[in-house]
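Positions are given from 1, in the same order as the sequence printed here.
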Amino acid sequence: MKPLSEKTADILLLLVITALAAWLRLAHSGQASLWWDEFITLGASLRPLGESLLVLKNFGPSDVIVEMFPPLHHIITHALLLAGGSDAVLRLPGLLAGVATVPALYVLARGPLGRLSALACALLLALSVYHIHYSRELRPYALFMLENILALHVLRLVLMQARIRMALVYGGLVAAMFYTSYMATILVSAQMLFAAGFLAMRSVCDRTKRGESLRIAGWLALALGCAVMAYLPWASSQAVLFKALQAPSQSQTIPFSFVAGTLKEFASFAYRGDFPAGWLLAGLGVSGFAVAVVRQGPAFPLMMALWGFMPVAAIVLAQTRMDLSSRYVFPVFMFLVLFGGHFLAECIVMLGRCIFGAGPAIFAARAVVAGVVCVLVSAPNLESLGEYYSRESSSYKQLMSYLMENRNNMDVLLFAHPRQLKLIAGWYAGETFSDVRQISGAGYFRAFMISPRSVNVAGLQGAVSRGRIVDTEIVSLGVARAGVVPIAPDDSGSFVYGDDFTTMRFLEDVHESHNVGLSLEHKVLTPYDAGRSGWCEYLFRSLNQNTVSSAQLTLDLALVLNAGEDSDAVVRIGVAAGSGEIKTVREASIHDFKDESGRLLPADQLKVRHAKIEMDLTGHLAGAEDVRLRIDFGPSMRAGAIEISGMQMRLVQAGPAHSKVRGLSETLSRIPLAAWTPGRQLVLSNALYAFSVDGVVTAGDVGTPQERASFMRENPNATPVRVLRYPDGNPGVELYDPALANPYVRVRPSHGSTLESVPDAARSIRTLRLSGVMDNPQVELGKSRLVVPVSSKSPGVFTMTDAGEAELTLTPLFTRQEFDAAKVESLSGARKIPDEDCITCDSPRPCSVTYGASLGFPVRFVRVLAYPRVVSAPDGRNTVRTLLSTNGTDWREINIYRGEASGRWEGLKIPQYTMVGLDQPASRVLIRFELSGQDAQLWSAHDAAMRLDFRLSSPQSLFVAVESWPTNLNISNPEPLDVMLLRERLQFPDSLKRTR
């Protein structure tokens with residue numbers, strides 16, 4: 001058989017390494033949520049392309065605040081979005097670029113360092129979790145790395161092989177680099193500095209090469225000039241960014257901790273062990289550099305060193321406010337991988353020559369040994385791959401999945417600031433929730449609000465805390481909108497309306513709004529979609545046909561703008577008397593934030609600049625009964641949006657005084673109310689219970705103080721969603737919504753519940769939820785009867801929709817309060833650890849805990865989320881196995897956790913995901929967790945709850961209709977159940993669930 005040629009053998013080996021790189025980078029690429037930096041790319045790419053380019057160039061207003069990259073990667077992402085993208089699809093350009101970098105590094109190293117060195121460094125890069133990670137991000141890093149490696153290769157060909165016309169290719173790559181990252185100027189400068197020195201030295205040392213060197217210099221200058229000319233339309237943005245980041249008084253240092261941490265990331269990105277892999281890689285890289293200088297000559301090593309360490313010098317010398325990150329010194333990573341692979345290859349070649357001698361036949365053995373050594377050097381990376389693929393950087397999918405699964409009776413999704421979290425919700429939750437981008441009319445709605453931990457949204461009136469997912473707080477709250485502000489003056493005839501935007505008052509009172517949002521985080525009124533125009537209008541209504549005699553408006557303005565930047569934002573204020581035409585009375589712009597000399601007013605500690613404008617509106621509103629106030633936000637494409645941080649409208653009326661209850665009665669007339677009846681529960685309704693605090697207000701369905709006391713006895717934890725106050729500030733009426741805190745109805749087997757709804761029209765129920773311990777319960781609602789064929793010893797939640805879908809979810813908890821051995825299907829040799837939220841074996845022998853259910857509906861798949869923990873022994877003997885059975889006799893393993901052989905406890909609250917489809921319908925499904933002994937644990941707590949999902953296919957759709965109210969709700973079940981009836985069909989967010 002004819003032996004393979006050297007070229008063919010190299011191609012085959014490189015294809016194997018590249019295939020390995022592709023497999024490692026593409027595996028599970030859609031599992032993890034996009035994290036915030038990736039949403040920066042996505043947010044900048046979602047807009048129309050022209051608008052997106054303007055925002056990127058001007059660092060203009062957007063949902064991502066600011067993006068500090070040029071537009072090439074965003075244009076690619078925008079094109080993918082036009083074709084309909086998912087997380088995995090949007091990450092694909094980075095993945096492909098990361099895979100392509102592996103053969104590109106081989107090509108770069110092949111000529112100057114040799115065949116075996118090129119294969120070794122390509123394999124090291126293929127196995128690097130650091131490079132895997134940044135190849136899997138929806139960011140430009142992988143593309144920029146690839147462009148750099150290709151540019152270095154082409155530059156070497158131009159300089160060292162005199163392939164002069166390749167300079168044009170180099171110019172194209174430089175232009176691409178400029179439009180991919182603002183770091184390009186630093187790295188291209190390093191390359192040009194080396195090229196100038198190389199050509200100058202060659203001209204001095206070899207006069208016969210002067211002409212050629214001049215031609216090369218001319219072609220490179222032409223190529224670089226073309227790249228710079230192509231970049232000129234964008235160059236101003238880089239100058240603005242550098243000026244914004246510059247801090248002349250700040251000297252940047254690189255602490256040792258950053259060096260050690262960065263080397264650890266380079267060599268073992270997700271590794272938790274103690275092996276100093278980072279220092280090993282550094283030693284290999286420096287040694288390989290020295291060997292290359294001595295054996296291959298200094299030219300190529302010096303080019304790579306200058307390119308690799310120029311960003312480090314730039315960080316030290318630039319005097320900027322940038323936070324240090326390994327991403328900014330990635331050329332050092334490439335330098336270490338390149339010369340680390342070279343050192344390993346040279347050592348193997350030298351060792352082989354000593355043992356076997358020289359000769360081409362020995363190369364295969366050298367390649368095998370090099371591959372083994374590279375795998376050994378990469379062992380920390382390979383050990384951590386499983387945990388890396390399972391890790392979550394943001395948990396945004398988990399957040400949105402929780403909101404969608406627990407939407408229940410929520411109507412709207414609100415944000416403490418209509419920017420980052422709004423972008424995330426729009427991507428993952430789509431149109432599941434309504435929003436407040438447009439507001440009009442009166443009524444009541446329930447809402448989730450999500451917020452950073454730094455904002456106390458739980459302190460809002462009537463807010464109910466739903467918990468926290470990582471750094472995001474979740475509350476539910478109710479908004480009772482009147483949409484009209486009654487002019488209720490005090491005894492002197494003066495009425496003052498003010499808002500500092502720290503409460504929900506804007507949503508309660510504004511008459512109409514389009515693209516204006518409330519930001520509780522920043523305490524401002526701002527465009528809901530950044531940079532777009534928007535307006536809001538308040539209607540102040542006279543109660544006794546009294547007329548305005550004087551009117552003053554004060555607005556507090558806020559602006560975030562760096563010195564030297566300009567803002568094109570404009571806010572216009574208009575008023576009208578009654579139904580007359582709105583007339584603009586004032587325009588606020590950047591000039592309101594400048595002093596008499598034209599300099600910007602100083603910013604506070606939060607970098608916010610403040611201005612106040614006062615307007616006398618008497619000339620426009622005198623004699624008016626009703627007053628309309630309109631605030632218009634103009635479109636903006638530059639940084640620095642003008643926002644409203646406070647407003648105060650003062651009206652003085654001429655005419656007879658009126659009762660202090662008139663204003664409250666006017667507001668109550670616009671809000672849906674239900675009369676409270678003891679023993680009844682309000683369902684399928686957006687009406688509120690209203691109670692007079694002092695008995696003065698007696699209109700319509702408003703209850704008395706005595707009825708309020710009775711209501712509180714039935715609902716002891718209820719808090720009002722809104723409190724209506726008299727002109728003197730004292731509370732007059734409280735509005736309650738018990739279904740906000742608890743949308744379930746508790747039903748006991750021998751005691752039914754009476755339900756009512758307002759309005760009392762016929763209702764169709766599209767979702768039924770049961771919560772508790774179920775044993776084939778029967779639900780009777782009016783004339784409808786439904787049998788739920790679900791039985792389990794463990795408490796769970798059963799959800800069934802009118803689309804023929806159903807799901808049973810068991811969430812066992814091992815906390816002191818919730819764990820009950822009687823509610824477990826089987827507990828064999830296991831016990832709960834008293835002071836921990838976990839179970840373990842009561843002896844060194846294996847033990848198990850089993851959960852399951854008997855189901856009358858076919859099970860399509862089972863999804864398991866568990867939190868095992870083990871002493872990770874080197875021999876792998878300590879394990880937590882997850883097994884599944886459909887008959888209680890035959891078990892199959894669906895997951896096993898044994899850690900990374902570190903010899904320490906591993907896995908604390910690190911989730912393990914498993915999803916298993918069932919080929920045959922099963923009437924019983926059991927999930928068993930088998931622990932190997934006392935060095936294995938299974939955890940489940942409120943912040944890390946184990947969860948078992950059984951997805952079912954209902955043979956018939958849910959169809960329950962209630963023709964008249966009130967009606968009775970009864971159940972047949974051994975234990976009480978909580979029942980939820982919903983008008984909307986709940987979604988099962990399978991696409992947001994991890995399966996690994």
> Taking C-beta and beyond as the side chain, do L561 and F593 meet within less than 4.5 Å on heavy atoms?
Replying inline: no

> Minimum heavy-atom separation for I642 to A569, with atom names?
Replying inline: CD1-O, 3.5 Å

> Under 3.5 Å, is there a donor-acceptor pair linking the side chains of W535 and E512?
Replying inline: no

> Which heavy-atom pair separates P233 from K57 by the least distance, and what is that distance?
Replying inline: O-NZ, 2.7 Å

> Would you say D556 and M647 make side-chain contact, with heavy atoms under 4.5 Å?
Replying inline: no

> Is any side-chain heavy atom of R327 closer than 4.5 Å to a side-chain heavy atom of R139?
Replying inline: no

>> Rounded to the nearest 0.5 Å, what separates atom NE2 in H73 from atom OG1 in T41?
In response: 6.0 Å

> Do M637 and V55 pass the side-chain contact (heavy atoms from CB on, under 4.5 Å) test, and can you show the C-alpha distance, the side-chain angles, and the key distance before you say yes or no?
Replying inline: CA-CA 6 Å; M637 287 292 111; V55 169; 3.9 Å; yes

>> Run the salt bridge (charged side-chain N to carboxylate O under 4.0 Å, His left out) test against R599 and tell me which residues pass, sequence neighbours left out.
In response: D595

> Do W219 and L168 have side-chain heavy atoms sitting under 4.5 Å apart?
Replying inline: yes

> How are the rings of Y388 and H133 set to each other: parallel, tilted or perpendicular (split at 30° and 60°)?
Replying inline: perpendicular

>> Walk me through whether Y134 and F330 qualify under ring-ring contact (aromatic ring centres under 6.0 Å, His included).
In response: CA-CA 10 Å; Y134 284 108; F330 83 85; 9.1 Å; no

> In this structure, are over 12 heavy atoms from other groups packed under 6.0 Å from K594 atom NZ?
Replying inline: yes

> Can any side-chain N or O of N515 pair as donor or acceptor with the backbone N or O of S533 at less than 3.5 Å?
Replying inline: yes

>> Would the distance check show the side chain of R163 and the main-chain N or O of L157 forming a donor-acceptor pair, the cut-off being under 3.5 Å?
In response: no

> side chain to side chain contact (heavy atoms under 4.5 Å, CB included) with L81: which of L90, V89, I76?
Replying inline: L90

>> Show, in sequence, the C-alpha distance, side-chain angles and deciding distance for F266 and S326, and conclude whether the side-chain contact (heavy atoms from CB on, under 4.5 Å) test is met.
In response: CA-CA 8 Å; F266 286 167; S326 67; 4.1 Å; yes

>> Can you see whether R136 engages S29 through a side-chain donor-acceptor pair at a distance of less than 3.5 angstrom?
In response: no

> To the nearest 0.5 Å, what is the distance between CD (E587) and CG (D592)?
Replying inline: 9.0 Å

> Can you name the salt bridge (charged side-chain N to carboxylate O under 4.0 Å, His left out) partners of R156, sequence neighbours left out?
Replying inline: none

> Can you check whether T526's main-chain N or O pairs, donor with acceptor, with E643's side chain at less than 3.5 Å?
Replying inline: no

>> Checking S513 against Y528: is there a side-chain donor and acceptor pair closer than 3.5 Å?
In response: no

> Shortest non-hydrogen contact from L555 to I644?
Replying inline: CD2-CG2, 4.1 Å

> Any side-chain heavy atom of S567 sitting closer than 4.5 Å to one from R638?
Replying inline: no

> Taking NZ, NE, NH1 and NH2 as the nitrogens, is one of them in E392 or K397 under 4.0 Å from a carboxylate oxygen of the other?
Replying inline: no

> Given the rule in the side-chain contact (heavy atoms from CB on, under 4.5 Å) test, do F415 and L413 qualify, once you have shown the distances and angles that lead to the verdict?
Replying inline: CA-CA 7 Å; F415 311 95; L413 182 58; 3.8 Å; yes

> Going by atom types alone, do S519 and H417 pair a side-chain donor with an acceptor below 3.5 Å?
Replying inline: yes

>> If I compare all heavy atoms of S636 with all of D568, which pair ends up nearest, and what's the gap?
In response: OG-OD1, 2.6 Å

> Is M400 close to L403 at the side-chain level, that is, under 4.5 Å between some pair of heavy atoms?
Replying inline: yes

>> Measuring from atom CG of L525 to atom CZ of F501, what distance do you get when rounded to the nearest 0.5 angstrom?
In response: 4.5 Å

> What is the ring orientation for F39 with Y428, classed by angle as parallel under 30°, tilted 30 to 60°, or perpendicular over 60°?
Replying inline: perpendicular

> What pair of heavy atoms forms the shortest contact from F198 to L159, and how long is it?
Replying inline: CE2-O, 3.4 Å

> Is it true that atom CE of M192 has more than 12 heavy atoms of other residues, nucleotides or ligands lying nearer than 6.0 Å?
Replying inline: yes

> What pairs meet the side chain to side chain donor-acceptor pair (under 3.5 Å) rule with one or both residues in residues 225-241, with sequence neighbours excluded?
Replying inline: Y182-W234, T185-Q238, Y231-Q238

> If you round to the nearest 0.5 Å, how far is CG of D37 from CD of E137?
Replying inline: 6.5 Å

Would you be so kind as to tabulate the donor-acceptor pairs closer than 3.5 Å made by side chains of residues 59-66, with sequence neighbours excluded?
{"unit_1": "S62", "atom_1": "OG", "unit_2": "V64", "atom_2": "N", "d": "3.3"}
{"unit_1": "D63", "atom_1": "OD1", "unit_2": "K422", "atom_2": "NZ", "d": "3.3"}
{"unit_1": "D63", "atom_1": "OD2", "unit_2": "K422", "atom_2": "NZ", "d": "3.4"}

> Hey, mind stepping through I424 and L34 against side-chain contact (heavy atoms from CB on, under 4.5 Å) and telling me if it holds?
Replying inline: CA-CA 9 Å; I424 293 162; L34 300 180; over 6 Å; no

> Taking side chain as C-beta onward, heavy atoms only, is V337 less than 4.5 Å from H131?
Replying inline: no

> Taking the inter-plane angle between the rings of F69 and Y141 on a 0 to 90° scale, is it parallel (under 30°), tilted (30 to 60°) or perpendicular (over 60°)?
Replying inline: perpendicular

> Residues in salt bridge (charged side-chain N to carboxylate O under 4.0 Å, His left out) with E51, at least two apart?
Replying inline: R47, R532

> Is the closest side-chain heavy-atom distance between F194 and W307 below 4.5 Å?
Replying inline: no

> Say you draw a straight line from OG1 of T502 to CD of E521; how long is it, rounded to the nearest 0.5 Å?
Replying inline: 14.0 Å

>> D604: which residues meet the salt bridge (charged side-chain N to carboxylate O under 4.0 Å, His left out) condition with it, sequence neighbours left out?
In response: none

>> Testing the basics here: between A104 and L150, what is the closest heavy-atom pair and its distance to 0.1 Å?
In response: CB-CD2, 3.9 Å

